[in-house]
Undergrad: 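Pasting in a structure now, in structure tokens, and then I'll have a few things to ask.
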Amino acid sequence: MTHLDSLYLTYKQALFDKAYEHLNPMQREAVFSIDHPLLVLAGAGSGKTTVLVQRIAFLIHYGNAYFDEHVPAGVSETLVEQLKSALDLPAETIRERFLPMFSADPCPAFRVLAITFTNKAANEIKNRLAATLPESSGVADIWAGTFHSICARILRSHGDLMGYAPGFTIYDTDDQKKTIAEALKVCNLDEKLLPIKTIQGIISRAKDHLMTPDDYLAEAKDNLRMKQVGRVYEAYQGLLRSSNALDFDDLIMQTVLLLKTHKEVRELYQNRFRYVSVDEFQETNPAQLELTVLLSGGYRNLMVVGDDDQSIYRFRGATIENILSFDRLFPDAKVVKLEQNYRSTSVILAAANAVIAHNEGRHEKKLWTAADEGEKITLHIAEDQNAEARYIVDTVQKEVARGNAAYKDFAVLYRTNAQANSIEKALARAALPYRILGGIRFSDRKEIRDAVAYLQLIANHADNLRLNRIINEPKRKIGAKTLEAIAMIAVEQGLSQFEVMETADKYVALERTKETLLSFANMINDLTALSKKLSLDALFDEVMDRSGYRQMLKDGGEPEAERLDNLEEFKSNILEYVKEAEEPTLTGFLEETALVADVDRYDESADALVLMTIHSAKGLEFPRVFLPGMEEGLFPSPQAAMEGPAELEEERRLCYVALTRAKKKLYLISAKTRLLYGRTLANPISRFVEEIPEGLLKKELLPSQRTSSYTGAFAKGHSETSFSSFGKATVGTNIFEKKSAPKEQLSPGDRVLHATFGEGQILSVKPMGADLLYEVLFERVGIKKMMATYAKLKKL
DNA sequence: CACGCTCTGCCTGCG
DNA sequence: GCAGAGCGTG
């Protein structure tokens with residue numbers, strides 16, 4: 001290489017570095033590295049999505065321009081001079097005028113695949129790509145989607161090779177449960193001995209590991225219980241097959257099996273995908289890893305991004321080993337660590353680093369920030385869960401009143417959804433704007449599931465589960481006996497249950513109900529014919545009218561009004577789909593309904609504080625974060641503490657995730673006693689709080705209004721001056737066992753009547769000496785506190 | 001069969 | 001504490 005050539009290469013790289021100066025050196029390294037496997041260990045708030053998006057944009061624009069050592073023929077001194085002086089130009093100009101000349105085999109957009117876990121992440125990547133790349137680059141052709149949507153897409157094209165007809169149905173967890181119940185019956189096993197939830201978990205984990213029922217049975221050997229589970233798994237899989245249905249785990253597993261066993265399909269995708277990226281790689285399971293390896297097997301340009309410290313889904317099959325040993329699977333992989341955090345203050349980071357350092361199995365890394373130290377972390381000890389909630393309310397009110405923050409700057413993140421209750425009550429009482437994430441999803445409502453089931457049956461007559469769901473919804477007087485007979489005939493004849501109904505007049509057993517069955521089958525067949533002609537929304541109306549479902553709700557009067565509204569909302573979802581989709585089809589819509597949960601109802605623009613579990617907060621950030629319930633026996637959860645070190649490490653990672661959500665300020669709250677699941681617990685402060693260096697904490701004591709009347713054993717770990725010891729968690733201690741209360745015990749939520757104040761609702765009950773202190777919200781006069789003995793409250 | 005009562009279990013949860 | 005399931009009765 002001549003001196004001129006090496007100057008050319010040096011200036012080329014310098015120009016790229018300059019054009020991408022908005023990225024830090026490690027981020028640039030990741031963006032420019034595209035011709036070998038790449039592991040990006042991206043700490044919390046280190047700009048991982050930016051890197052993922054920028055890298056795809058980069059390889060579409062410039063290919064391997066940065067590291068390519070090819071020098072074009074006849075590089076002149078003038079050119080080199082030009083490049084050198086270009087370094088003084090603004091980044092924008094360099095990008096426009098110089099970078100395109102370095103392009104080295106850029107990659108067409110359709111040959112790029114990006115896989116995520118959630119629709120939200122997939123959408124964010126799509127949107128950011130669309131904002132980064134011009135339309136002419138073919139940005140719309142990039143495959144970006146969730147593991148499940150990508151597999152569904154592959155199976156729609158090639159699933160027939162695995163025995164699935166293209167109109168297959170996707171079963172969700174609820175469908176799964178019902179099918180397992182059915183399988184248990186088939187196997188003549190009792191649900192009490194083998195709980196459905198347990199089997200569901202076992203089957204799901206088996207599929208995560210690509211184990212078929214046969215594999216599982218082989219593993220079971222002489223273990224009776226395993227053999228039983230294996231038989232249920234086998235029966236379950238048979239039921240799915242005969243309904244032409246796949247569950248979520250099947251989508252992945254069957255795609256992997258398809259790619260493994262069918263060379264032509266495998267090569268089709270391997271030749272197509274030159275670049276494969278996987279987000280949140282720490283949450284992948286073995287099947288997903290295998291899928292990733294297969295899809296990227298043609299070019300081996302696989303980039304995985306993740307943070308082993310943020311792996312929090314072990315309980316649903318995630319295998320942290322995937323990210324820990326990626327470099328062993330791909331010895332030529334480049335490893336890039338993104339350790340600069342752009343989110344939090346250094347106090348918050350120091351705390352998070354200190355906590356996570358207690359874990360053993362991890363890639364060593366340490367987040368740092370250029371940001372200020374920031375405020376210390378507040379540790380507040382509250383009397384009980386209500387005081388904890390009030391502390392949150394007070395703090396928010398105070399900060400908002402001072403003009404330090406808006407409501408939307410605050411998030412309350414908790415370990416379990418059950419904690420939301422007391423906090424929600426306090427917020428409602430104080431009339432603070434808030435929203436809660438979690439709870440029943442729109443698509444989980446009965447009426448929506450019913451409507452979808454009708455559509456699914458129309459799309460896939462073989463779907464026995466959906467058939468059974470709607471056959472008597474509305475009531476059609478088809479009894480359990482008839483349905484059993486149909487199911488039996490179907491199995492004997494090798495037909496679907498719907499086919500049996502269509503020909504009900506052929507079977508003696510169905511003599512009495514054949515009229516009803518035939519008319520039902522006719523209705524579905526008519527609707528199926530209509531589905532080929534009508535627009536989706538018109539079809540939906542026909543289904544709701546002809547089935548009598550809408551009428552049923554109308555007849556239901558007031559209580560069903562909300563359901564009718566929900567159906568209308570569902571219809572607007574259909575309309576939206578028809579408008580958005582390139583080629584709207586019934587199957588397409590159903591697939592979207594199955595794979596795309598609710599559109600995020602979390603409206604970030606509204607000025608309201610937000611409540612959610614730590615799990616659902618992953619990937620989000622908030623200026624100020626409350627972490628209530630920092631107690632042993634709650635966080636870490638008692639199950640985790642019992643099960644073993646691996647579970648405990650996962651809890652610690654969860655804590656790490658929680659801490660790193662905060663940008664400016666963290667409030668940790670620990671309650672001395674807590675009413676949870678109908679028991680009052682008195683647990684010491686969470687060990688995770690103890691792991692935070694004292695210097696980072698500001699211990700805030702109870703505003704001394706009620707000096708604790710609780711003394712003795714359970715208060716020890718909490719004594720305000722020294723809480724360094726955490727003893728055994730005293731789960732289940734019921735400290736209110738002694739019924740010190742007067743005659744009529746009222747409890748929060750009870751409606752009561754007062755002689756002067758009128759009707760109201762009990763908000764809280766506190767022991768006060770030998771008496772009880774009630775806090776009551778009256779409809780006319782607002783909140784009043786009163787002693788039970790004098791209040792003379794009448795329970796309504 | 002529909003309703004209401006009792007019993008039970010209960011962490012986190014993407015698709 | 002509460003929801004959902006299962007069971008028994010009118």
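Here the structure is a predicted model, which means the values were calculated and not measured. Letters A, B, ... are given to chains in the order of the sequence lines, protein chains preceding strands, and every chain is numbered from 1.
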Undergrad: Round to a whole Å and report the spacing from CD of A:Glu592 to C1' of B:dC14.
TA: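 One finds 16 Å between C1' of B:dC14 and CD of A:Glu592, rounded.
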Undergrad: Between the main-chain N or O of A:Asp309 and the side-chain N or O of A:Arg362, is there a donor-acceptor pair closer than 3.5 Å?
TA: no
Undergrad: For a stem of at least 3 consecutive Watson-Crick or G-U pairs with distances under 3.5 Å, i pairing with j, i+1 with j-1 and so on, which stems involve DNA chain B?
TA: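 Output for stems: B:1-10 with C:1-10.
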Undergrad: Please pick, from B:dC14, B:dA2, B:dG13, the nucleotide with the shortest atom-to-atom distance to any side-chain atom of A:Thr613.
TA: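 So the side chain of A:Thr613 is nearest to B:dG13.
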Undergrad: For A:Lys554, check salt bridge (Lys or Arg N to Asp or Glu O under 4.0 Å) against everything at least two apart and list the hits.
TA: none
Undergrad: For the side chain of A:Thr146 and the backbone of A:Ser149, is there at least one donor-acceptor N/O pair under 3.5 Å apart?
TA: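 Such a contact is found between A:Thr146 side chain and A:Ser149 backbone.
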Undergrad: Could you work out, with salt bridge (Lys or Arg N to Asp or Glu O under 4.0 Å) as the rule, every residue matching A:Arg153, not counting sequence neighbours?
TA: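 Once residues adjacent in sequence are excluded, A:Arg153 has no partner under the salt bridge (Lys or Arg N to Asp or Glu O under 4.0 Å) criterion.
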Undergrad: Could I get the full list of ring-ring contact (aromatic ring centres under 6.0 Å, His included) partners for A:Tyr164, not counting sequence neighbours?
TA: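 Residues passing ring-ring contact (aromatic ring centres under 6.0 Å, His included) with A:Tyr164: none at all.
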Undergrad: What is the distance from CG of A:Leu681 to P of C:dG1, rounded to the nearest Å?
TA: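 Taking CG of A:Leu681 and P of C:dG1, I get 12 Å after rounding.
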Undergrad: Is the side chain of A:Glu632 donor-acceptor paired with the backbone N or O of A:Arg687 at a distance under 3.5 Å, no angle test?
TA: yes
Undergrad: Dump the pairs, protein N or O against N or O of nucleotides 4-10 of chain C, anything under 3.5 Å, distances to one decimal.
TA:
none

Undergrad: Rounded to whole angstroms, how far apart are NE2 on A:His148 and C1' on B:dC14?
TA: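 After rounding, the reported distance stands at 7 Å.
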Undergrad: Could you pull out the protein-nucleic contacts involving nucleotides 8-11 of chain B (nitrogen or oxygen on both sides, under 3.5 Å)?
TA:
residue, atom, partner, partner atom, Å
B:dC11, OP2, A:Gln639, NE2, 3.1
B:dC11, O2, A:Arg415, NH1, 2.8
B:dC11, O2, A:Arg415, NH2, 2.4

Undergrad: Check side chain to side chain donor-acceptor pair (under 3.5 Å) between A:Ser204 and all other residues, then give those that pass, not counting sequence neighbours.
TA: A:Asp249
Undergrad: Using atom OH of A:Tyr313 as one end and atom P of B:dC14 as the other, report the distance to the nearest whole Å.
TA: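 It works out to 6 Å between those atoms.
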Undergrad: Who passes ring-ring contact (aromatic ring centres under 6.0 Å, His included) against A:Tyr677, sequence neighbours left out?
TA: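 Listed in chain order: nothing, the list is empty.
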Undergrad: In this structure, how many angstroms lie between the P atom of B:dG13 and the CG atom of A:Leu413, rounded?
TA: 12 Å
Undergrad: List for me each residue that meets ring-ring contact (aromatic ring centres under 6.0 Å, His included) alongside A:His158, sequence neighbours excluded, and say none if there are none.
TA: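 In terms of ring-ring contact (aromatic ring centres under 6.0 Å, His included), with neighbours along the sequence ignored, A:His158 is linked to A:Tyr269.
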Undergrad: Hey, does A:Gln176 have a side-chain heavy atom less than 4.5 Å from the side chain of A:Phe248?
TA: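 Not in contact.
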Undergrad: Using atom OH of A:Tyr171 as one end and atom P of B:dC14 as the other, report the distance to the nearest whole Å.
TA: 22 Å
Undergrad: Which pair of heavy atoms, one from A:Met612 and one from A:Leu437, lies closest together, and at what distance?
TA: CB-CB, 3.9 Å
Undergrad: May I ask you to evaluate whether A:Asn421 reaches the phosphate of C:dG1, defined as a side-chain N or O under 4.0 Å from OP1 or OP2?
TA: no
Undergrad: Can you list the residues that meet the side chain to side chain donor-acceptor pair (under 3.5 Å) rule with A:Asp250, with sequence neighbours excluded?
TA: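 A:Asp250: side chain to side chain donor-acceptor pair (under 3.5 Å) contacts with A:Lys207, A:Gln237.
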Undergrad: With sequence neighbours excluded, tell me which residues meet ring-ring contact (aromatic ring centres under 6.0 Å, His included) with A:Tyr233.
TA: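 Applying ring-ring contact (aromatic ring centres under 6.0 Å, His included) to A:Tyr233 gives none.
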Undergrad: Where along residues 175-184 of chain A does a heavy atom fall under 4.0 Å from DNA chain B?
TA: none
Undergrad: Can you say whether the rings of A:Phe635 and A:Phe688 are parallel (under 30°), tilted (30 to 60°) or perpendicular (over 60°)?
TA: perpendicular
Undergrad: A:Glu280 has an atom CD; how far is it from atom P of B:dC14, in whole Å?
TA: 13 Å
